[in-house]
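Here's the structure, in structure tokens; my notes come after.
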Amino acid sequence: MNEIPYYLQDLNPEQRDAVFHEGKPLLILAGAGSGKTRVVTTKIAYLIREKGVNPRSILAVTFTNKAAREMAERAAAIESAAAGAMLRTFHSFGAWFLRRNGEYAGLSSNFVIYDDDDMVTILGSIIEGKKKNELKLIAKQIARAKDYFFTPESAELSFINHSGEFRKIYAQYEEALRKTGNVDFGDLIKKPVEILRENPGAAERLHSRFRVVMVDEYQDANVAQFELLKAICSPETYLCVVGDDDQSIYRFRGAEVKNILEFPQRFGGADVIRLEKNYRSTAHILDIADSVVRHNAGRLGKKLSAERGTGTKPMLAFLSDQDSEARECAALIDNSVRTKKTSAYSDWAVLYRTNAQSLGFENEFLRRKIPYRIVGSLKFYEREEIKDALALLSFVVNTKDEVSFRRVINKPARGVGAAALERILSERAAADWDIEAACERSGALSATGISVKARAGVNTFIESINRARKILLAVESVKRDNSHCILKAAQGLSCCAAGLIEDSGIAKYHRARDEINGETRVANLQELVNNAALYEATPEGLADFLERIALDRAIEQQEDGEPRVTLITVHNTKGLEFHRVIMTGLEQGLFPRDDKEGDDLEEERRLFYVGATRAMDELYLTSCAYRRMFGQATPMRSSIFLEEADGSKLRIVGTPPYGFNPAALRHSAPKQAAPKETEGQSAAIKRKTSSDGRWQIGDRVFNEDYGYGEITAINEGNEGPVITVCYENGRRQRFLSRAQSSRFMKIKD
DNA sequence: TAGTTTTAAGTTTTT
DNA sequence: CTTAAAACTA
């Protein structure tokens, strides 16, 4: 080999092997930060440039839209022709396939995608007398069944829910869903597999289109996705999957780690390449992550080597409550950005286990004017007014859409009550399940059960839907007649969407709410309409718009170029990296969630591993003694992960909770319960006077209200050590050491 | 029956 | 503290 192309020169031997590999299927076992995205993107470029592979014949599948976009960007940066390759999530690929081949399964191309709430609506319409929570559970189980590729007839369905009733409901649900002409998330994977299996023609077309298939984050594939992968690949297809069993965090969604463990057997003796050099994090950070995940039993087991040197020790901060947590994070970030040249807001990420935790940080960051962005909060699309508007738009595309129709037919009130609604829907059978036609029939029949007022209301509704559709069809036909002259209305779909929202009365309905409650619903509707601007004002453009929203609920980030701190759930950080990471809320019950055991606890550990390995240079962990839950402060125990972590690699600040027993401080014995006897307590005090940042007599302290002071005594109380402080103003204060006052801090020596 | 007020219940994680 | 269900009023 005389010359190696420049873009391959920086790869290590294993990475290069992975890029050059051809022939048999390939499994790349790639640890965190080992450059797997780089391998995949480089491989795409290499195949196009050096091997003459047609970009259109390459399919790369990821699990999140963010990852798909980033991969596309990075591949195109090496080889611009890579823009022709298809980079999608599994679900978005499924939707793409169904829009073209749906007729094999009786689906027309204008379907919309139902979310979990829509599933619940359908279930509510087919079963009586169940509470919403029960319906939610059933919806979840049906989604789970589809993840496992179970049909209502599958014997294995009892694995999800043992009752015969569930089987019946699942079957009824499928029937009701079919009548709407729409699909749920699970169908986006399941239906393509069924079509490909039953229609050799469709399979052959797909096989001849895609010669190279790559899958990122393969450890998160569920059974249905595995089946889809098998159906996409013919014996001639080159298949390459990348994954890391330690980063499997979607078990709750049916992800099966065995997919990756058994890949070589399932795909005819595949080759395996391991990437075990970590180029992202410093050694101390990796040690912390590894020392926790090592407690898992079910793993392949690997040791990443840190290529970036030792670095600084991660910091573990024990704080009093979530308000103090938000303040300390803000202060830490602010201070770092102000004093260090190398630190910018965009280097920082604040990680949390649940979306709800973002609120406290948002408020504090707003107050202190720290610029931030939130990744992946889907609250916007859960708002009532947004769902209403989307339901209207969905009904324009597909008039069989029962869920959307139910939602908006009587909003604003048009006199169409439950009775009239059911009367109309009962006409569907005679109208080929088209609700618009059913409305006409029930009107023409002058049937009983529908008042004059209701009939007029239905007409008004249908008319406004039709006006919107006419606009879309008009634009479409103009476009078809003058294909050379691209008609591009200034606002694209926005105009039509805004028209419908106004015309249907939904805008007025919510405007009234705004005036009464001082909300901003109309502004939200406006934002939704703005987002439609990028789409064509045609039926197809509208379907695209709705699909984007269903599959990628990430709100468009305003790209103003201002560096911002990232607020993000741990799940959402997969595939990302940051110079400085704060993992927050490391408390038992929150992270790990509840008192999880066994496989569930192992998944939470992997989640910790994913979060910690996002950090390149600095890692901070926070744990609060109290957290507000249901509006009131609840005492919290620190996360078990903090005790599993290698304490010798941590800088601990603040007061550890009573009985905190990190791995490095343990003499032997795997797990010691918190000391309960007097003897244990005195041992705890002894540690408190050690040098690791705990309280000891003589420590100088500062309190925002009382000023400077000094610790004069540490006594044993019923609930642990009690600290006594004398302030310079003569005031004395006593508090539990584990319940350190939020207005109280130790002064560094 | 539609809309509001009172009371009870309950925080995963995502396509 | 927010949301869903129940109870209540016009």
Side-chain angles (χ1 to χ4, degrees), chain A residues 61-68 88-95 113-117 119-120 130-136 140 143-144 146-147 183-190 217 220-222 224-225 228 248-255 322 351-360 363 375-379 381-384 410-421 451 453-454 509 512-513 516-517 547-554 568-574 585 587 589-596 600 603-604 606-608 610-611 627-634:
Chain A
V61 183
T62 63
F63 278 81
T64 66
N65 295 284
K66 199 152 22 83
R88 285 175 181 262
T89 64
F90 264 113
H91 288 89
S92 132
F93 173 80
I113 300 159
Y114 281 152
D115 65 14
D116 299 355
D117 283 343
M119 289 180 82
V120 170
K130 283 222 193 299
K131 296 230 178 78
K132 200 169 178 190
N133 274 349
E134 298 175 273
L135 295 178
K136 268 187 185 165
K140 206 171 158 186
R144 198 80 196 278
K146 291 192 176 185
D147 287 341
V183 298
D184 60 20
F185 273 110
D187 285 346
L188 293 176
I189 310 296
K190 190 163 164 274
E217 310 285 8
D220 288 325
N222 59 36
Q225 287 161 336
L228 179 57
S248 172
I249 54 175
Y250 285 104
R251 212 178 79 94
F252 70 91
R253 211 171 70 186
Q322 58 192 352
L351 276 51
Y352 36 80
R353 178 66 179 79
T354 66
N355 281 302
Q357 286 165 259
S358 72
L359 203 67
N363 290 336
V375 176
S377 169
L378 25 105
K379 289 206 183 95
Y381 293 103
E382 280 168 3
R383 304 189 69 96
E384 185 188 346
N410 205 25
K411 206 174 206 180
R414 296 183 176 92
V416 187
L421 177 62
S451 65
K453 193 176 151 205
Y509 177 88
R513 291 287 191 90
I516 297 164
N517 304 329
E547 180 178 315
R548 213 285 327 267
I549 287 170
L551 296 181
D552 183 6
R553 303 192 140 192
I568 190 169
T569 62
V570 187
H571 279 89
N572 262 322
T573 62
K574 185 111 79 70
E587 294 131 40
L590 186 63
F591 194 0
R593 191 112 237 306
D594 297 329
D595 283 321
K596 291 206 166 172
D600 289 335
E603 174 135 318
E604 297 276 323
R606 292 192 292 269
L607 199 53
F608 179 91
V610 167
R627 184 168 292 273
R628 254 196 318 284
M629 292 176 116
F630 310 137
Q632 64 180 352
T634 318

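Here the structure is a predicted model, which is why all the values come from computation and not from measurement.
- Close approach of DNA chain C to chain A, defined as any atom under 4.0 Å from a non-hydrogen atom of the protein, starts and stops at C/dC1 to C/dA6.
- Not counting sequence neighbours, the partners of A/Phe185 by the ring-ring contact (aromatic ring centres under 6.0 Å, His included) test are A/His91.
- Heavy atoms of A/Phe90 sit nowhere under 4.0 angstrom from any nucleic acid atom.
- Pairs of Watson-Crick or G-U wobble type, with distances under 3.5 Å, assemble into runs of 3 or more in DNA chain B at these ranges: B:1-10 with C:1-10.
- In this pair, A/Phe252 does not lay its aromatic ring on the base of B/dT12; centres under 5.5 Å and planes under 30 degrees do not both hold.
- Residues passing the ring-ring contact (aromatic ring centres under 6.0 Å, His included) test with A/Tyr250 are A/Phe252, A/His571, sequence neighbours excluded.
- Every residue two or more places apart in sequence or in another chain was checked for a ring-ring contact (aromatic ring centres under 6.0 Å, His included) with A/Tyr352, and none qualifies.
- Ionic pairing of A/Arg253 and A/Asp147 is not present here: no N-O contact between side-chain nitrogen and carboxylate oxygen is shorter than 4.0 angstrom.
- Both A/Tyr509 and A/Ala356 lie near DNA chain B, and the one whose nearest nucleotide falls closer to the 5' end is A/Tyr509.
- At a threshold of 4.0 Å, the pair A/Asp116-A/Lys136 does not count as salt-bridged, since none of the basic side-chain nitrogens sits closer than that to a carboxylate oxygen.
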Report task. Summarise protein proximity over nucleotides 5-10 of chain B in one line of letters, 5' to 3': B for base, S for sugar-phosphate only, - for none, counting protein heavy atoms closer than 4.0 Å. Result -> -----B
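- Across the protein-nucleic acid pair, A/Ile249 atom CD1 and B/dT13 atom P stand 12 Å apart, rounded to whole Å.
- Closest contact between the side chain of A/Arg353 and the listed nucleotides B/dT13, B/dG3, B/dT14 involves B/dT13.
- Using a 4.0 Å heavy-atom cutoff across all strands shown, A/Ala413 reaches sugar-phosphate atoms only and no base atom.
- At whole-Å resolution of the value, CD in A/Glu382 and C1' in B/dT15 are 14 Å apart.
- The distance between atom CG of A/Asp115 and atom P of B/dT15, rounded to the nearest whole Å, is 13 Å.
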